[in-house]
Amino acid sequence: MDCVFCGIANGTVPARLLHEGERVLAFADLNPQAPTHILIIPRAHYASIQDVPAAEFGIIGELTAVAQDLARARGIWPAGYRLVVNAGPDGGQTVGHLHVHLLAGRQMTWPPG
Ligand code: AMP
Ligand code: ZN
């Protein structure tokens, strides 16, 4: 399977890694949309959040835990941040491997684009 985020997870695609856990990885987004723009991914391939079976929802908690840790360690909290999970074409998903965007460092706007 040709998946760029699986490539980052197995070390064949370079990335600025910010967290390397047993099941979760975080790295800098190549095209940052905020002063801090980090992607948090499971090492296991799920095409989208819609493809995570209920029996494996624990991984979603692990992604959230890494977001909390990064926000704490990088002084993002308590100023705040935004977590985004795009899913499917209307959701604006462009990479077919589940990822959570952690955006911070500027005032976010609403509604999102
Ligand atoms: P999404 O549109 O939610 O699927 O987000 C995909 C994100 O992946 C975008 O913000 C891209 O800038 C980012 N991206 C794509 N390829 C890479 C890469 N090789 N390294 C880091 N970020 C990437
Ligand atoms: Zn993948």
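Computation of the quantities below employed the complete heavy-atom set of this structure, encompassing side-chain atoms and omitting hydrogens, waters and symmetry-equivalent molecules. Counting starts at 1 for both ligands and their atoms, in listed order.
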**Asked** With the 4.5 Å side-chain cut-off for hydrophobic clustering, are Leu103 and Tyr81 part of the same group?
**Response** no

**Item:** Atom pair CG (Asp69) and OG1 (Thr64), whose distance is rounded to the nearest 0.5 Å
**Value:** 11.0 Å

**Asked** Can you list the atoms of ligand 1 that are under 4.0 Å from a heavy atom of Ala28?
**Response** 21 (C)

**Asked** Could an N or O of ligand 1 be found under 3.5 Å from any N or O of Val95, whether backbone or side chain?
**Response** yes

**Prompt:** Is ligand 1 less than 4.0 angstrom away from at least one heavy atom of His99?
**Reply:** yes

**Asked** Is the shortest distance from a heavy atom of Ala15 to ligand 1 less than 4.0 Å?
**Response** no

**Spatial distance of atom CD (Gln93) from atom CG (Leu98) [nearest 0.5 Å]** = 8.0 Å

**Prompt:** Rounded to the nearest 0.5 Å, how far does CD of Glu56 lie from CG of Asp51?
**Reply:** 11.0 Å

**Asked** Where the Zn ion (ligand 2) is the corner point, what angle links ND1 of His97 with ND1 of His45, to 10°?
**Response** 110°

**Where the Zn ion (ligand 2) is the vertex, angle from Cys6 SG to Cys3 SG to 10°** = 120°

**Residue selection (non-hydrogen contact nearest atom 19 (N) of ligand 1) among Val4, Asn31, Asp29, Leu103** = Val4

**Asked** Any idea which atoms of ligand 1 are less than 4.0 Å away from a heavy-atom of Gln93?
**Response** 4 (O)

**Message:** Pairs of nitrogen or oxygen atoms closer than 3.5 Å, one from His37 and one from ligand 1: do any exist?
**Reply:** no

**Message:** Nearest 0.5 angstrom please: Leu18 CG to Leu102 CG, how far?
**Reply:** 9.5 Å

**Message:** Can you report which non-hydrogen protein atom sits closest to atom 4 (O) of ligand 1, along with the distance?
**Reply:** Thr94 N, 2.7 Å

**Prompt:** For ligand 1, is any non-hydrogen atom under 4.0 Å from His101's backbone (N, CA, C, O), its side chain (CB onward), both, or neither?
**Reply:** side chain

**Prompt:** With a 4.5 Å limit on heavy-atom distance, are the side chains of Val85 and His99 in contact?
**Reply:** no

**Message:** Just to confirm my output: which protein heavy-atom neighbour is closest to atom 16 (N) of ligand 1, and how far is it?
**Reply:** Phe5 CE2, 4.1 Å

**Geometric N/O contact Ile8 with ligand 1, under 3.5 angstrom** = no

**Asked** Given the rule that I, L, V, M, F, W and Y join up when any side-chain heavy atoms are under 4.5 Å apart, are Val4 and Ile41 in one cluster?
**Response** yes

**Message:** Tell me if the centroids of the rings in Phe5 and Tyr46 come within less than 6.0 Å of each other.
**Reply:** no

**Asked** Can you find an N/O atom of Leu39 closer than 3.5 Å to an N/O atom of ligand 1?
**Response** no

**Message:** Testing Ile38, Leu83, Ile60 one by one against Val100 for a side chain to side chain contact (heavy atoms under 4.5 Å, CB included), which residue passes?
**Reply:** Leu83

**Fill in**
min-distance protein heavy atom vs atom 21 (C) of ligand 1 -> Leu30 N, 3.4 Å

**Complete:** Asn86 heavy atoms within 4.0 Å reach ligand 1 at atoms 1 (P), 2 (O), 3 (O)

**Request:** Check whether Leu25 and Val95 end up in the same hydrophobic cluster, where Ile, Leu, Val, Met, Phe, Trp and Tyr are linked by side-chain heavy atoms less than 4.5 Å apart.
**Result:** yes

